[in-house]
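Here is the structure we will look at.
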Amino acid sequence: MLMKPLQMHINFKTGEFNPNDRTNIRKLSDMKGMFSDSRAEQQILAKEDPIIYSFRERVLPEESGHLQLAVTSINPGRIGQEYFMTKGHYHQRPDTSEVYLGLEGEGWLLMQTEKGDFASLIINPGVLAYIPAYWGHRMVNTGSTPFVFFAVYPGDAGHNYGDIERTGFVRILVEQDGRPSLLNNPRWKK
Ligand code: PAN
Ligand code: ZN
């Protein structure tokens with residue numbers, strides 16, 4: 001498909017961009033069971049349903065040869081000791097890679113393969129992460145301000161959330177003694 005060249009403007013601080021085709025909001029109620037402390041989750045949901053993150057997308061052809069563009073902003077906060085994070089996913093076409101670029105705030109990128117290999121990277125403004133094909137990926141806000149990052153990935157990558165919803169990630173990122181700390185996730189299974 002032949003497209004016309006385009007440009008967009010990104011506000012690095014807020015993650016807003018123009019023109020913006022679609023804004024997706026993920027509240028705690030959209031992520032039930034994804035945080036490890038289910039009691040803390042229930043206690044918070046009894047009072048409020050906080051926005052964990054939002055991401056904005058430019059609608060582009062979901063075809064090989066094209067690219068998808070998105071900017072995500074994760075709010076600061078925790079459920080129990082576990083920091084606010086994205087759901088995380090593998091790509092539906094697992095042989096597709098992705099680039100994340102930190103724009104604002106600070107966080108960690110957690111990655112894993114279906115076999116259980118695990119890797120993490122600390123992301124600050126200007127840090128670019130290359131997520132190779134076959135690695136599931138999740139971003140976590142470890143700071144006290146919104147964590148904003150840009151993503152670009154193949155047009156036909158698609159998203160597979162089901163596997164992560166079932167097992168979670170190999171490790172979880174929690175605050176311990178005021179610092180981020182990776183713990184083994186007892187729920188994880190291959
Ligand atoms: C990103 C993510 C975005 C939201 O654009 O889709 O940060 O995270 P979840 O999709 O895990 O809810 C990306 O990795 N796209 O492939
Ligand atoms: Zn992705």
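Whatever order the structure lists them in is the order used to number ligands and atoms, beginning at 1. Just so you know, these numbers come straight off a predicted model, no measurement behind them. Hydrogens, waters and symmetry mates are skipped; everything else that's a heavy atom, side chains included, is used.
- For Y153, the ring pair (Phe, Tyr, Trp, His ring centres under 6.0 Å) test picks out H91, H159, with sequence neighbours left out.
- Listed as neighbours of ligand 1 are Y53, F55, A70, T72, T86, K87, G88, H89, H91, E98, Y100, H137, F149, A151, Y153, H159, Y161, each bearing a heavy atom under 4.0 Å from the ligand.
- Inside a sphere of radius 2.8 Å centred on the Zn ion (ligand 2), the protein N/O/S atoms present are H89 NE2, H91 NE2, E98 OE1, H137 NE2.
- A cation-pi contact, defined as under 6.0 Å to the ring centre and within 45° of the axis, is absent between R56 and F17.
- The two residues S29 and L45 have their closest heavy-atom pair at N-CD2, 4.0 Å.
- The closest side-chain donor-acceptor pair between Y90 and Q112 falls under 3.5 angstrom.
- Annotation for L2: hydrophobic cluster partners, listed by chain and number, are none (ILVMFWY side-chain heavy atoms under 4.5 Å, direct or chained).
- Between the side chains of Y130 and S97, at least one donor N or O sits under 3.5 Å from an acceptor N or O.
- In the displayed structure, E114 atom CD is contacted under 6.0 Å by more than 12 heavy atoms of other residues, nucleotides or ligands.
- Each of V174, N141, V140, I172 was scored for a side-chain contact (heavy atoms from CB on, under 4.5 Å) with Y83, with one residue passing: V140.
- Looking only at atom types and distance, the side chain of R58 has no donor-acceptor partner in the side chain of N20 under 3.5 Å away.
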